[in-house]
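In each ligand, atom 1 is the first atom listed, and ligand 1 is the first ligand listed. Atoms considered below: every heavy atom in the structure, side chains included; atoms not considered: hydrogens, waters and symmetry mates. Remember, predicted model here, so these are calculated numbers, not experimental data.
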Amino acid sequence: MINNLEEYHIHYRDSVKDPEKYWKDYSSKFLWKKEPSDVLNWNFIDPDIKWFKDGELNITENIFERNKEKADDIAIIWEPNEPNEENITYTYNQLFDEVCSFANVLKKLGVEKGDRVIIYLPMIPEAAISMLACARIGAVHSVVFAGFSASSLSDRINDCQAKLVITSDGNFRGNKIIPVKDVVDEAIESTSSIDYVLTIRRTSSTINMKKDRDIWYHEIVNTVDKSCEAEKMKSEDLLFILYTSGSTGKPKGVVHTCAGYMVYTQFTFENVFQYKDGDTYWCTADVGWITGHSYIVYGPLLRGAKTIMFEGLPTYPNASRFWEIIDKHKVNQFYTAPTAIRALQSFGDKFLEGYNLSSLKVIGSVGEPINEEAWNWYYENIGKKKCPIVDTWWQTETGGIMISPLPNIIKCKPTYATLPLPGIQPILLDNDGIEIKENNVEGNLCIKYPWPSILRTTYGDHKRCKETYFSTFKGYYFTGDGAKRDDEGMYRILGRVDDVINVSGHRIGTAEVEDAINQYKEVVESAVVGFPHEIKGQGIFGFVIVKDKSKDIDYFNKIREMVTKHIGPIAKPDKILVVPGLPKTRSGKIMRRILRKIAANEFDNFGDISTLLNPEVVDQIITAHKN
Ligand code: PRX
């Protein structure tokens, strides 16, 4: 672990001077079935990236067998939706038993090494257990956030040709029960690869169990053994696929592989959170996102840490819930998203009263830029001005944290993710792809050298991986983000420079939302952009052309229903404006920067609009918006 600034500089220097040696040295702490000797092969043109190529391992052996001395320590504390329902805790040994039993159930249902398994679960312990069970037997998990619609779920099942879905009989979410099993049933109707639906009992809701396809976990688990040998995996065998939105087309399956992901998630977890034995760590994310994968499950468990999994919502039963949990479990490291911070801040400080947050040592932020006001509130009211804020910048594709302060080592600066971690070589490029070398500049954020957990491909479509990340700026990994570098070399992330909207820390592709809106039969065409939103960071603004404006239709609600049906509630537009036309260039491309300005209530300085085919439409849209 890096302990002070001098060590950080030494680590950083070594990691750039000889990356292979740096990561080879770090990787020696892991349990390999076969030690790797070939550390890195790469090019960013094809792209082709292989870390520890000739090594063999199993990531779960590195959680359980390697951490033998932790066998009786707590691995997971599960905090349920209802504050008065009891916690469940698992020691490493107990978790190991659960993982092995689950792995044997998967085997019994015919799941083999390399098969894809979809996990569509609420935040119950089985979410983590089933991920690890897949990893134990070499199956590839793909967790789908349980708020996605049936149509999003079936797209993902079809894309990866999954054999099995793991779900529950319902999700408790605040005071609602979400019927996830019904969603799975509907999704499977438009798929053909699923053999079984393994169902966990959680809400005891009445559900439909299809004969020969749907299996109750609590029944089948009694028929299997509690021990399961770890499958021998090659370093570059797939560990998981996680779907994420981009600027075009349907979400793509980001692929992470076994060894590099393992090495980098433990490395970043222990350094960024400065986790010490005995600490209690809590990340509030959902396992449906990369943050949950890397910093609820893999990073902390590889380190032998005590990690909290929370089923509920920050505002249920009221806006004190996070603070109550921190107090109850004496949380030392707390990791959440700016949208949650802003939402809780908006409820007022009275919800903090009576809770002792003095156990906190490090507080973190992830998923979107944190504005200064939220940063200050978090720092003063939650961290009580003694906890550094780790504003961690990274992505689904990066697998782990890339730019972040190391607490009490690298000074924090509000709204800045600050400095790259060892092994990360960021650069800023101008729009012509020329490196901007000076400080105090802004540019397109790219990375010029591989790190162990960089994505390897997009599942089933390597060309798309190349086009999306390695073609805009040849020879570099392009993040899709803009960034500023200050005069001390610290990075501030400015947000996406592509057509991706970041809503409450979730990536939503504009094309995806437009596709969903266009499914509504009264819509002729639509264009979606992000706009500044006080709580969510960005909201979704849809401009739509409808067939017949004179019809008495509640377009706002109809369109939101359509988007909920096709993607899920998280992608529902906040605003819908019916417009007579969309600003288009002569080549037929929608000029989104104009729409972005209008959505942000900025009605002048549109820049050069001389290439517009229909410049008059700009004023018409403004008029419609003002009315
Ligand atoms: O725009 C950046 C933003 O979230 C994007 C990645 O989203 P996703 O793959 O869903 O992963 C989110 C969790 C790692 C980035 O391209 N982002 C992430 N962290 C930050 C951020 N923007 C500003 N500051 C951050 N700390």
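Taking the charged nitrogens against the carboxylate oxygens, Lys50 and Asp48 do have a contact shorter than 4.0 Å, which makes a salt bridge. A salt bridge links Glu79 with Arg321: the closest approach of a Lys/Arg side-chain nitrogen to an acidic carboxylate oxygen falls below 4.0 angstrom. Lys252 and Glu467 are not joined by a salt bridge, as no carboxylate oxygen comes within less than 4.0 angstrom of a charged side-chain nitrogen.
The proximity of Gln395 to ligand 1, defined as any non-hydrogen pair under 4.0 Å, involves the side chain as well as the backbone. Here Asp481 has side-chain heavy atoms under 4.0 Å from ligand 1, and that is the only part of it that gets that close. Proximity of Thr392 to ligand 1, defined as any heavy-atom pair under 4.0 Å, is confined to the backbone N, CA, C and O atoms.
The aromatic rings of Trp282 and Phe334 lie tilted to each other, with the angle between the two planes from 30° to 60°.
Which of Trp394, Tyr416, Trp289, Tyr295 comes nearest to atom 18 (C) of ligand 1 through a heavy atom is settled by distance: it is Trp394.
Scanning the protein for heavy atoms near atom 13 (C) of ligand 1, the closest one is Thr291 OG1, 3.4 Å. Regarding atom 4 (O) of ligand 1, its nearest protein heavy-atom neighbour is Gly367 O, 3.2 Å.
Counting atoms of ligand 1 from 1 in the listed order, those under 4.0 Å from a heavy atom of Asp391 are 24 (N), 25 (C), 26 (N).
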Evaluate the ring-ring contact (aromatic ring centres under 6.0 Å, His included) criterion for residues Phe543 and Phe541: first the C-alpha distance (whole Å), next the side-chain angles of each, then the deciding distance (0.1 Å), finally the verdict. CA-CA 7 Å; Phe543 295 85; Phe541 197 125; 4.5 Å; yes
